[in-house]
*Asks:* 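Submitted below is the structure of interest, expressed as structure tokens.
Throughout, residue positions are numbered sequentially from 1 according to the sequence presented. Just the heavy atoms: all of them, side chains too, but no hydrogens, waters or symmetry mates, feed the values below.
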Amino acid sequence: TYLASLTDNLPSNNQGMGRVNLERAFDNTPRALRDQLPADRFTGSGQVRVFRGSVQDTGRPFRVTVAWSDAPGSTAGNAYVNNIDMSVTIGGQTYTGNVFNQANSTTGGTADVRNNVESVFLPAGASGNFAVTVAATNIAQPADPLIAGPNQDFALVAYNSGALEACPQVALSPGSVPTGVVGGTVYPSTTFTAPGGTFTFNAGGNLPPGLTLSSAGVLSGTPTQRGVFNFSINASSPDGCVSGQAYTIEVIAPELVR
């Protein structure tokens with residue numbers, strides 16, 4: 001087991017994420033923490049939180065970890081319920097959480113669907129600005145039973161990092177997505193915003209047929225199909241901020257309009 005722990009990839013059955021290095025836990029290296037902040041909470045699948053920071057000391061390792069307390073799972077099958085995925089972009093490379101070549105992160109690979117702790121570990125030498133993307137891949141149940149509806153908080157810590165700046169989140173004006181009517185125009189104008197910068201918008205998921213989203217964040221058009229449609233609105237800025245929120249539109253037949 002000892003020899004395997006020197007050569008296998010983290011996290012492994014031999015050593016998990018590796019032994020806790022208490023010296024590193026209490027050294028004077030700058031670190032940043034966002035611990036279950038309400039502003040970061042996920043309330044639906046497809047939402048994205050992005051944080052920017054910068055490496056402080058090129059002579060020390062750079063590490064980022066996200067952890068969350070999942071909703072109660074099955075005792076007979078897979079125990080995991082909600083799924084969060086993390087990636088870190090630095091130096092033109094993107095590292096997915098829990099994709100390792102032995103003890104250090106490597107590019108490529110696939111997102112971890114099981115573990116509620118994901119890490120990116122880079123050796124000394126990393127430098128410059130970085131972006132951490134935390135994505136709500138699947139938020140199916142309430143992790144906090146005191147909050148109505150599906151939800152999931154998380155804690156994010158970056159070692160050898162300055163303060164983490166949260167990218168602005170997508171918001172909606174006037175406040176809610178109007179019910180659509182087949183053959184009717186979406187009205188009043190539905191505009192999505194991301195305060196604090198210049199953003200380009202795009203829609204993901206299942207936008208109702210007949211509706212389009214402009215790059216400025218304006219949803220318009222004439223719905224052509226009844227149903228309930230779940231989609232996400234994503235925004236990106238030239239300086240690397242990316243944000244997303246999940247939304248739902250119900251489209252009804254004209255005869256149901258009162």
Side-chain angles (χ1 to χ4, degrees), residues 17 24-26 29-56 62-73 80-90 94-98 111-112 115-121 129-173 175-176 192-197 199 201 204 232-237 239-247:
M17 290 300 301
R24 182 170 292 151
F26 293 100
T29 302
R31 65 202 73 201
L33 172 66
R34 296 184 69 91
D35 188 6
Q36 302 182 100
L37 299 181
D40 297 343
R41 178 182 298 130
F42 291 125
T43 56
S45 303
Q47 297 175 346
V48 177
R49 308 286 185 254
V50 180
F51 309 92
R52 294 176 295 184
S54 60
V55 175
Q56 300 297 289
F62 168 61
R63 297 186 166 195
V64 182
T65 296
V66 65
W68 65 96
S69 297
D70 199 358
Y80 47 89
V81 179
N82 294 339
N83 181 27
I84 291 176
D85 289 314
M86 181 189 72
S87 63
V88 177
T89 299
I90 183 171
T94 297
Y95 301 88
T96 299
N98 290 0
D112 187 339
N115 294 299
N116 65 333
V117 176
E118 294 191 7
S119 295
V120 168
F121 294 167
N129 298 328
F130 64 86
V132 181
T133 300
V134 184
T137 304
N138 183 47
I139 308 300
Q141 298 292 334
D144 185 342
L146 300 180
I147 299 174
N151 64 79
Q152 183 64 65
D153 290 313
F154 61 88
L156 179 68
V157 61
Y159 174 86
N160 193 12
S161 167
L164 292 174
E165 175 189 358
C167 288
Q169 295 182 20
V170 171
L172 174 61
S173 175
S176 62
F192 298 91
T193 63
F199 287 83
F201 292 82
S232 63
I233 299 296
N234 308 306
S236 59
S237 68
D239 61 354
C241 263
V242 179
S243 182
Q245 290 285 358
Y247 294 95

*Asks:* Are any of the side-chain heavy atoms of Ile84 and Val134 separated by less than 4.5 Å?
*Replies:*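 A side-chain contact under 4.5 Å exists here.
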*Asks:* Could you verify whether a donor N or O on one side chain and an acceptor N or O on the other, from Gln56 and Ser54, lie under 3.5 Å apart?
*Replies:*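 Result is yes, a qualifying pair exists.
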*Asks:* So, for Ser45 and Ala246, which heavy atoms are closest and what is the spacing to 0.1 Å?
*Replies:*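 Ser45 and Ala246 have their closest heavy atoms at O-CB, 3.1 Å.
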*Asks:* Do Arg52 and Cys167 have side-chain heavy atoms sitting under 4.5 Å apart?
*Replies:*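 In contact.
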*Asks:* If you take all heavy atoms of Arg49 and Arg41, which pair is closest and at what distance?
*Replies:*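 The pair with the smallest heavy-atom distance is NH2-O, 2.7 Å.
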*Asks:* Measure the acute angle between the ring planes of Phe62 and Phe130, then classify it against the limits of 30° and 60° as parallel, tilted or perpendicular.
*Replies:*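 Geometry flag for Phe130 against Phe62: tilted rings.
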*Asks:* Hey, are the side chains of Thr65 and Phe121 touching, using non-hydrogen atoms and a 4.5 Å cut-off?
*Replies:*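 Yes, at least one pair of side-chain atoms sits under 4.5 Å.
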*Asks:* Can you tell me how far apart CG (Asp40) and CG (Leu156) are? Round to the nearest 0.5 Å.
*Replies:*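 Reported to 0.5 Å precision, the distance equals 8.0 Å.
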*Asks:* Can you give me the closest heavy-atom contact between Val48 and Val50, atom names plus distance?
*Replies:*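 Looking at all heavy atoms of both residues, the shortest contact is CG1-CG2, 3.8 Å.
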*Asks:* Looking at Gln152 and Ser69, would you say the former's side chain and the latter's main chain have a donor-acceptor pair under 3.5 Å?
*Replies:*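 Answer holds: yes.
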*Asks:* Is Arg31 positioned over the aromatic face of Tyr159, cation under 6.0 angstrom from the ring centre and no more than 45 degrees off axis?
*Replies:*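 Here Arg31 fails the 6.0 Å and 45° test against Tyr159.
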*Asks:* Heavy atoms, side chains only, cut-off 4.5 Å: are Arg34 and Phe154 in contact?
*Replies:*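 Side-chain contact under 4.5 Å: no.
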*Asks:* Say you draw a straight line from CD1 of Ile90 to CG of Asn129; how long is it, rounded to the nearest 0.5 Å?
*Replies:*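 With rounding to 0.5 Å, CD1 (Ile90) is 8.5 Å from CG (Asn129).
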*Asks:* Would you indicate whether the side-chain heavy atoms of Asn98 and Ser119 approach each other to under 4.5 Å?
*Replies:*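 Yes, their side chains come closer than 4.5 Å.
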*Asks:* Looking at CZ of Phe199 and CG of Asn234, how far apart are the two atoms once the value is rounded to the nearest 0.5 Å?
*Replies:*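 One gets 12.0 Å once the value is rounded to the nearest 0.5 Å.
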*Asks:* What are the two closest heavy atoms between Asn82 and Asn151, and how far apart are they?
*Replies:*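 So the two residues come closest at ND2-O, 3.5 Å.
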*Asks:* If you look at every heavy atom in Met86 and Glu118, which pair is closest and at what distance?
*Replies:*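 Answer, listing the atom of Met86 first, then Glu118: N-OE1, 3.0 Å.
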*Asks:* Run the side-chain donor-acceptor check on residues 136-144: report pairs under 3.5 Å with partners two or more places apart or on a different chain.
*Replies:*
from: Thr137; atom 1: OG1; to: Asp85; atom 2: OD2; distance (Å): 2.6
from: Asn138; atom 1: ND2; to: Val81; atom 2: O; distance (Å): 3.3
from: Asp144; atom 1: OD1; to: Leu146; atom 2: N; distance (Å): 2.9

*Asks:* Without hydrogens or angle criteria, can the side chains of Thr94 and Thr89 be said to hold a donor-acceptor pair below 3.5 Å?
*Replies:*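 Yes, a side-chain donor-acceptor pair sits under 3.5 Å.
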*Asks:* Mind listing the closest non-hydrogen atom pair of Ala235 and Phe201 along with its distance?
*Replies:*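 Nearest pair, atom of Ala235 first, then Phe201: CB-CE2, 3.6 Å.
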